[in-house]
2 protein chains.
Amino acid sequence: MQGHDLGALRRLNTVAVLQALRAGEPLTLSRLKSATNLSRPTLELALEDLTTRGWVAEAATGEGRSPGRPARRFRFRAEAGRVAGVDIGLHKIVLTLADLAGEVRATEREDIDPAMDGADRLDFLRQRLRRFLDDHAVRAEELWAVGVGVPGLVDEAGRIRSVIVPEWTGLDLGRRLSETFGCPVIAENDVNLAAVAEHWRGAARLTDDVACVLAGRRAACGLLLGGRLHRGRRGGAGELGSLPHLGLASAHEALQWQHGDKEGESEITALVRALESDDPEAHAVLDAYAARLAPGIAALVLAVDPDLVVISGGVTPAGQWLTPRLTTHLRDLTLHVPQIAVSTLGEPGVSLGAVRTALDSVDTILDNPTGPLPSTTR
Amino acid sequence: MQGHDLGALRRLNTVAVLQALRAGEPLTLSRLKSATNLSRPTLELALEDLTTRGWVAEAATGEGRSPGRPARRFRFRAEAGRVAGVDIGLHKIVLTLADLAGEVRATEREDIDPAMDGADRLDFLRQRLRRFLDDHAVRAEELWAVGVGVPGLVDEAGRIRSVIVPEWTGLDLGRRLSETFGCPVIAENDVNLAAVAEHWRGAARLTDDVACVLAGRRAACGLLLGGRLHRGRRGGAGELGSLPHLGLASAHEALQWQHGDKEGESEITALVRALESDDPEAHAVLDAYAARLAPGIAALVLAVDPDLVVISGGVTPAGQWLTPRLTTHLRDLTLHVPQIAVSTLGEPGVSLGAVRTALDSVDTILDNPTGPLPSTTR
DNA sequence: CGGCATTATGCAAGAGTCCTGCATCATGCA
DNA sequence: TGCATGATGCAGGACTCTTGCATAATGCCG
């Protein structure tokens with residue numbers, strides 16, 4: 001714990017004003033006053049400072065609902081910068097562009113040849129992100145941070161360990177890309193990012209202890225405990241797939257469904273259609289899958305006792321039928337069955353979590369009380 | 001995030017000075033200056049304030065090693081208050097008295113009749129704590145907080161759920177006792193407190209992600225993640241005992257050892273003696289126990305991936321033989337075998353963790369930036 | 001259309017906190 | 001005894017926050 005200077009006090013107060021404005025709607029001085037407990041002259045000075053640095057602008061006066069002189073309103077200049085979120089999996093890449101308020105400005109998805117090797121994949125990622133930024137006229141100095149979700153574990157130092165893209169094991173993807181794009185790039189396990197996203201804007205907004213279970217070809221889990229991502233030593237938290245007693249790794253075998261009538265229809269879509277028409281065989285398949293998933297989830301629930309388990313991944317479309325079955329099976333295995341919800345974000349969740357991680361990295365710049373408040377034009 | 005006025009700044013700085021002194025040795029003004037980044041006049045004002053409020057006193061000047069005028073030295077008045085830690089189990093009660101620096105001043109242990117019911121047990125706890133405080137001349141206004149470890153889960157609201165003392169289920173022990181003793185009383189699961197204690201002063205001082213496994217008649221686990229206690233919804237984190245796939249609840253059956261020669265010697269003491277004399281049968285028993293413990297610990301390790309697993313509870317005396325066997329068995333079950341250590345605190349660990357929890361509760365009073373800095377004489 | 005209540009804004013005065021810098025004091029060493 | 005070294009005492013100055021009053025702009029009502 002450090003002592004604070006008068007200058008630090010002012011910086012602290014200025015950031016407090018900025019945070020209040022970032023939270024949402026444009027605010028008048030009166031509202032800022034009650035939000036920050038600061039006096040009006042102090043607020044005016046802080047706002048002037050923030051305005052010259054490009055963080056804040058005066059908004060149009062709101063509709064004059066109240067009597068009296070209309071108040072000026074100030075807003076956070078979300079357009080002052082951009083962050084990007086990338087989800088690079090085995091089969092696809094998803095790119096998301098957002099402003100500093102986290103508002104999504106553009107999204108793009110493209111299939112990848114699963115056979116593409118690690119080096120080509122890195123080049124591909126670089127090239128597509130570069131093109132994506134160019135397409136949306138993002139200048140280098142506008143880009144504040146990038147988050148990247150990868151299919152593998154990422155340790156605290158940023159090094160990857162992946163069985164899906166084995167050549168990336170040992171790679172410090174963040175450092176490599178940050179050299180290319182001239183801003184912080186944070187690599188993170190994709191399931192962890194899905195958990196972050198569900199907590200931010202998905203099914204887990206109301207709780208701070210969430211386990212996000214990826215159920216599909218892969219079985220993995222992201223943990224958000226106390227509102228913060230829990231990685232564990234070397235990023236291995238939630239990797240229950242490898243314990244044979246629980247049979248999580250092979251659970252997907254129970255999800256076979258070859259009854260697709262229509263050409264080109266995916267297995268899960270066909271299964272969902274069968275479920276919708278109350279096909280008893282389809283329900284039996286889903287129940288068997290739930291039964292094989294249950295011990296692994298039970299171990300997770302007993303270990304960390306989350307408020308909520310979010311089911312995401314390939315089975316998401318069948319989620320509404322899966323959750324009650326899962327609840328039934330869990331009742332036999334755990335003391336307390338947690339709430340179970342289906343991902344509301346689906347596939348774009350990972351790249352949205354990557355955006356959130358990038359925004360967190362921007363926040364650390366602002367939270368640092370020493371040094372001057374940065375400007376938006378760097 | 002709130003704005004701060006000049007008064008809050010001063011309070012912030014004063015607390016920073018106090019924290020610097022709390023950390024350890026008495027400090028001179030120069031050392032405080034480098035520790036807090038504050039100027040000398042500011043430090044002097046803060047120290048005067050802290051002195052009149054009773055938090056700080058001038059210490060004897062250290063041995064004049066350096067040239068120049070000898071500097072005054074200031075120290076935290078740890079004797080300005082007391083906190084107590086209690087561990088009430090099925091078979092025993094342990095009481096610990098400490099000063100505000102966490103220095104232990106007294107400890108007491110007493111057996112309890114395991115058949116004692118919930119109501120009598122609460123009275124017993126009250127009476128023994130009262131007597132313990134009287135014996136050591138702790139006046140009511142000197143006692144700042146009490147921590148209590150109980151054999152059961154404690155939810156966020158402070159309510160207990162226990163199978164060991166079933167009558168306590170639903171009890172808000174903290175509120176009840178705080179009315180009796182006139183200070184905050186925090187109830188917490190005993191294994192959680194063991195984890196806190198090992199992190200504070202035991203085997204887990206160097207790491208912030210720790211699982212503390214209670215191995216003995218009971219099987220339970222306390223989790224400290226990111227340096228903070230992780231309770232989970234309703235305090236159920238780490239309760240892997242109930243999952244039959246892992247067989248943790250019945251593991252203790254493998255630990256039978258009836259070969260005690262000496263009268264009155266406990267089972268574990270006899271086993272340790274046999275291990276010391278390289279009795280192959282004793283080693284086989286321990287190996288079988290490790291094998292039955294391993295799947296549960298593996299599930300925990302895969303779920304949260306801690307840096308360190310601390311083994312505590314009844315088997316602690318045999319820990320040095322248990323840990324290598326456990327490591328061997330875990331190697332087959334997990335990707336990464338974490339470090340495994342034996343509790344260095346043993347049985348008093350829980351009450352020491354209770355002391356730490358009580359001290360944390362004192363800290364929250366100091367950390368609150370609004371309102372005046374409290375005095376030690378309330 | 002004009003007065004009134006209501007709310008926002010401009011400006012100055014006042015109080016509080018922190019830092020810098022110089023002179024002074026106390027000790028160890030030559 | 002003189003000197004270097006580091007601690008202490010005491011202003012002066014700079015900065016920040018708050019309070020309070022006068023003024024400006026709007027909606028409402030007569």
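None of the values given here were measured: they were computed from a predicted structure. Lettering of chains follows the sequences in order, A, B, ..., and the numbering in each one begins at 1.
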Output side-chain donor-acceptor pairs under 3.5 Å for residues 75-82 of chain A, partner residues at least two apart or in another chain, one line each.
residue	atom	partner	partner atom	Å
A:Arg75	NH1	A:Glu79	OE1	3.3
A:Arg75	NH1	A:Glu79	OE2	3.4
A:Arg75	NH2	A:Glu79	OE2	3.0
A:Arg77	NH1	A:Gly54	O	2.8

Rounded to the nearest angstrom, tell me the gap between atom [atom1] in [X] and atom [atom2] in [N].
X       : N      : atom1 : atom2 : value
B:Leu32 : C:dC19 : CG    : P     : 13 Å
B:Glu58 : D:dA7  : CD    : P     : 14 Å
A:Asp49 : D:dC15 : CG    : P     : 15 Å
B:Leu45 : C:dT17 : CG    : C1'   : 9 Å
B:Lys33 : C:dG21 : NZ    : P     : 11 Å

What's A:Thr42 touching, base or sugar-phosphate or nothing? Going by heavy atoms closer than 4.0 Å.
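It contacts base atoms.
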
Supply the atom-to-atom distance B:Leu27 CG to B:Arg72 CZ, rounded to the nearest 0.5 angstrom.
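With rounding to 0.5 Å, CG (B:Leu27) is 14.0 Å from CZ (B:Arg72).
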
Euclidean distance, B:Thr28 OG1 relative to B:Arg73 CZ, rounded to 0.5 Å:
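Answer rounded to 0.5 Å: 8.0 Å.
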
Does the side chain of B:Thr364 pick up a donor-acceptor pair with the side chain of B:Ser361 at under 3.5 Å?
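Absent: no donor and acceptor within the cut-off.
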
Tell me, for nucleotides 2-12 of chain C in 5' to 3' order, what letter each nucleotide earns: B for a base near a protein heavy atom under 4.0 Å, S for only sugar-phosphate near one, - for neither?
----BBBBB--

Strand-adjacent residues in residues 1-26 of chain A, judged by heavy atoms under 4.0 Å from DNA chain C
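Going residue by residue through residues 1-26 of chain A, the ones with a heavy atom under 4.0 Å of DNA chain C turn out to be A:Leu6.
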
Just to verify, what does A:Arg40 make a side-chain hydrogen bond (donor to acceptor under 3.5 Å, both in side chains) with, not counting sequence neighbours?
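A:Arg40 satisfies side-chain hydrogen bond (donor to acceptor under 3.5 Å, both in side chains) with no residue once adjacent residues are dropped.
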
For residues 196-208 of chain A, pull every pair meeting side chain to side chain donor-acceptor pair (under 3.5 Å), keeping only residues two or more places apart or in separate chains.
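Pairs touching residues 196-208 of chain A that pass the test: A:Glu198-A:Ser343, A:His199-A:Asp208, A:Thr207-A:Asp307.
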
Name all residues meeting the salt bridge (Lys or Arg N to Asp or Glu O under 4.0 Å) criterion together with A:Glu179; count only those two or more places apart in sequence or in a different chain, and write none if there are none.
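Per chain and number, A:Glu179 pairs via salt bridge (Lys or Arg N to Asp or Glu O under 4.0 Å) with A:Arg175.
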
For A:Asp363, is there an ion pair with A:Arg356 - N to carboxylate O distance below 4.0 angstrom?
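The answer is yes: the pair qualifies as a salt bridge.
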
